[in-house]
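Data first, discussion second: the structure below is written as structure tokens.
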Amino acid sequence: MSTGKPRLRFAPSPTGYLHIGGVRTALFNWLWARKTGGTFILRIEDTDRERSTPENEAIILRDMRWLGLEWDEGPDSGGPHGPYRQMDRLPIYHEYADKLIASGAAYRCDCTKDELDAQRKALTAQDPKAQFRYPGTCRDKKLPANGDRSSVLRMRAPSSGAVTYRDLVFGEVTTPNSALQDAVLMRSDGVPLYNLGAVVDDVTMGITLVARGRDHMINTPIQILLYEALGATLPQFAHLPMMLGPDGAKLSKRHGAVAVGEYREKGIPAGGLLNYLVRFGWSHGDEEIFSVADLVQKFDWEHCGKGDGKYDPKKFAAIIFEHLKRPDLTSDEAYANGVVPFLAQRGLTDAPRAKLLAALPLVRERAQTFVEAADALDYFFRDLPVLDDKAAKKFLVADKASHLAGLRAELASAPVFEPSALEAHVVAWLAGKGLELKDVAQAARVAITGRSASPGLFEVIAVLGKDVVLARLDRAIALVAAAGA
RNA sequence: GGUCCCAUCGUCUAGUGGUUAGGACGCUGGCCUCUCACGCCGGUAACGCGGGUUCAAAUCCCGCUGGGAUCACCA
């Protein structure tokens, strides 16, 4: 605050895994903090004790790190405005609750939930369309601030007037106070509810810009009233449109993967995931593909859209593929790091780094995920390729035997083991026999890769090296001979 | 139902009074080719409706319709 630099926060609730909708919110906050040289804070809102777990918190932290959305202040790293876990901040909320009571902005209410539920039920029985609102029973009871623990804290909501604020994406938003009611701010057990916890934390942590999902927009007027009651400086607000499922319903598991962890396990690069998410509600002219560094430079609030969007798996796959194809977005080193765990899953734990880096370029434009890349890379790292039955039956046949033997001899005598030279060498030999490349290519491919589809034959041969290729051809020649016998 | 919000191809979007309404994904026709891909060229497809304002409206205003959010001692 004193530095004048923006302070932003992402405040997930550890009641479940990190959801990609949440990531989008985190990303926008993080981008703005990084672009402006501000501070990005991770705050854990764990006041829902029934559903919050330390395991979920650990998952959120792990996934945020995997995404590269590092925080400057947070529950594990600490910072000058901690603690960063709401259940560790209870005394702060109590202090602010007392301030609100003292100023008359809030009061204690000892109506029980059962009483209120009964009233609600009675009302709806009488008029099904009526909406129950707290009748203000305890408004003027002047219950002691720190007395009976069975009382909740309620805000004294104004019934007239209106709250207007300027949203960075939605513009001016006005809500009449008549729509408000005396909302509960703190439970009878002394744990704050969302509106109180968020406001007190945002005030005490010096948050200058609150960017969150549009589903929170309804809370903003209440929170603004609280800021005013506390005499605190208002932050700016930016609400982000919703990301829905392909059918327009709330994005959920039945639409596919929603947990960040699932994307990692499927071999999705983090940068690609972020690229897809940023395009949800933000644009930069016709540009679609961005590195994280691009985004830090280009992101702004002016070009955030207001309309909700639907998640599109096809578009998602296309953006991911783009990141996987382009070395400027996923460097060879990063690609290698990304694919290594999936090679390990196939038992290929000792793939030599140099060979991996040499083989990668052949696979990039053929793999939509690191999982597919590991599959495409498989035969580079086995002594002998796993032969695909159908491919072998079709192409490793008797009438190819002499071609394979001839190819073996040509490769054995090839002066340079480099793709274009190899191709020229082989094509020349074939031409002498009145043959074309396609007459031997598939048989050779199956012999060398075990499959009927692969990157360019000579590129593969060059990466594998002469000894390996000759050995594989020898095995195939032997197989053909055995089958013919 | 109350309150708030939104509305351009199927999807993500560009567009801020004058454009043949652009791009991307998808779908599709073709080219390239040792297989599979990549790539390249082309096609398909949108301003929800109705009123205004204006010489001129996808762009501004109003209404309608449609969609979403929210109305807990969840966040």
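Throughout, a chain's letter reflects where its sequence line sits, starting with A, and its residues are numbered from 1.
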Q.
Whether A:R49 and A:D189 form a salt bridge (side-chain N of Lys/Arg under 4.0 Å from carboxylate O of Asp/Glu) is what I want to check.
A. yes

Q | A:R187 side chain near B:C74 phosphate (N/O to OP1/OP2, under 4.0 Å) | A | yes

Q) Do A:S291 and A:H323 have side-chain atoms, one donor and one acceptor, less than 3.5 Å apart? A) no

Q. When all nucleic acid strands are considered with a 4.0 Å heavy-atom cut-off, which category describes A:P176: base, sugar-phosphate, or nothing?
A. sugar-phosphate

Q: Using a heavy-atom cut-off of under 4.0 Å over every strand shown, decide if A:T174 touches base, sugar-phosphate, or nothing.
A: sugar-phosphate

Q: Could you tell me the separation between the OH atom of A:Y194 and the C1' atom of B:C74, rounded to a whole number of Å?
A: 11 Å

Q: Under 4.0 Å between any heavy atoms, over every strand shown, what does A:D439 touch: base, sugar-phosphate, or nothing? Just pick one.
A: nothing

Polar atom pairs (N or O), protein with nucleotides 39-44 of chain B, under 3.5 Å:
{"from": "B:G39", "atom 1": "OP1", "to": "A:K325", "atom 2": "NZ", "distance (Å)": "3.0"}

Q: Decide whether a cation-pi geometry holds between A:K314 and A:F316; the criteria are a distance under 6.0 Å from NZ or CZ to the six-membered ring centre and an angle within 45° of the ring axis.
A: no

Q | Close aromatic pair by centroid cut-off 6.0 Å: A:Y335 and A:F370 | A | yes

(Q) How many whole angstroms separate atom CG of A:D375 from atom C1' of B:C36? (A) 12 Å

Q: Could you measure between the two C1' atoms, the one in B:G50 and the one in B:A69, and give it in whole Å?
A: 27 Å

Q: On RNA chain B, check which nucleotide each of A:E423 and A:A318 is closest to and give me the residue with the more 5' one.
A: A:A318

Q | Value in whole Å for how far the P atom of B:A72 lies from CG of A:N219 | A | 12 Å

Q) What is the base-pairing partner of B:A24, counting Watson-Crick and G-U wobble geometry with both distances under 3.5 Å? A) B:U11

Q: Look through every strand shown and name the nucleotide pairing with B:C49 as Watson-Crick or G-U wobble, where both distances are under 3.5 Å.
A: B:G63

Q) A:R51 near the nucleic acid: base, sugar-phosphate alone, or nothing, with a heavy-atom cut-off under 4.0 Å? A) base

Q.
Would you say that A:Y276 contacts A:D312 through its side chain, given a criterion of any heavy-atom pair below 4.5 Å between the two side chains?
A. yes

Q: May I have the distance from A:I218 (atom CD1) to B:C74 (atom P), rounded to whole angstrom?
A: 19 Å

Q: Using a 4.0 Å heavy-atom cut-off across all strands, classify A:F316 as base, sugar-phosphate, or nothing.
A: nothing

Q. Roughly how many Å is it from CZ in A:R364 to P in B:C38, rounded to a whole number?
A. 15 Å

Q: Sticking with atom P, work out how far B:C41 lies from B:C36, rounded to a whole angstrom.
A: 22 Å

(Q) Within the 4.0 Å heavy-atom criterion, would you say A:K113 contacts the bases, only the backbone, or no part of the nucleic acid? (A) base

Q.
So A:C304, base contact, sugar-phosphate only, or nothing? Heavy-atom distance under 4.0 Å.
A. nothing

Q: Would you indicate what A:H216 reaches in the nucleic acid, counting non-hydrogen atoms under 4.0 angstrom: base, sugar-phosphate, or nothing?
A: base

Q: Please state the P separation for the pair B:U59 and B:A24 - nearest whole angstrom.
A: 26 Å

(Q) With a 4.0 Å cutoff (strictly under), does any side-chain N or O of A:R120 reach OP1 or OP2 of B:A72? (A) yes

Q: Round to the nearest Å and state the distance from A:Y276 atom OH to B:A24 atom C1'.
A: 12 Å

Q: Starting at atom CD of A:Q368, determine the distance to atom P of B:C38, rounded to an integer number of angstrom.
A: 8 Å

(Q) Please classify the nucleic acid contact of A:L457 as base, sugar-phosphate, or nothing, using heavy-atom distances under 4.0 Å. (A) base

Q: Verify whether one side chain among A:R212 and A:T25 offers a donor that lies under 3.5 Å from an acceptor in the other.
A: no

Q.
Is a donor from one side chain sitting under 3.5 angstrom from an acceptor on the other, for A:E45 and A:T47?
A. no

Q | A:R279 CZ to B:G26 C1', straight-line distance once rounded to whole Å | A | 16 Å

Q) Base, sugar-phosphate, or nothing for A:G281, non-hydrogen atoms under 4.0 angstrom? A) sugar-phosphate

Q. Does a distance-only test, which skips hydrogens and angles, find a donor-acceptor pair under 3.5 Å between the side chain of A:S454 and the base of B:C36?
A. no

Q. Above 12 or not: heavy atoms from other molecules or residues under 6.0 Å from CD of A:E115?
A. yes

Q: Decide if the gap between the ring center of A:W282 and the ring center of A:F299 is smaller than 6.0 angstrom.
A: yes

Q.
If you assign A:L244 and A:F280 each to the RNA chain B nucleotide with the nearest heavy atom, which residue ends up on the more 5' nucleotide?
A. A:F280

Q) Is any side-chain nitrogen or oxygen of A:T47 closer than 4.0 Å to OP1 or OP2 of B:A75? A) yes

**Q.** Minimum-distance nucleotide (side-chain atoms of A:Q131 versus B:C74, B:C71, B:C6)
**A.** B:C71

Q: Compare side-chain N and O positions of A:S283 against OP1 and OP2 of B:A14 and report whether any pair is under 4.0 Å apart.
A: yes

Q: Look at all strands and tell whether A:V173 reaches a base, only sugar-phosphate, or nothing, counting heavy atoms closer than 4.0 Å.
A: sugar-phosphate

Q. Any donor-acceptor pair under 3.5 Å between the side chain of A:D286 and the base of B:G22?
A. yes

Q.
Determine whether the aromatic ring centres of residues A:Y194 and A:H216 are separated by less than 6.0 angstrom.
A. yes

Q: Identify whether any heavy atom of A:S13 sits under 4.0 Å from a base atom; if not, whether one sits that close to sugar-phosphate; answer base, sugar-phosphate or nothing.
A: sugar-phosphate

Q: Searching all strands shown, indicate the nucleotide that pairs with B:G2 (Watson-Crick or G-U wobble; both distances under 3.5 Å).
A: B:U70

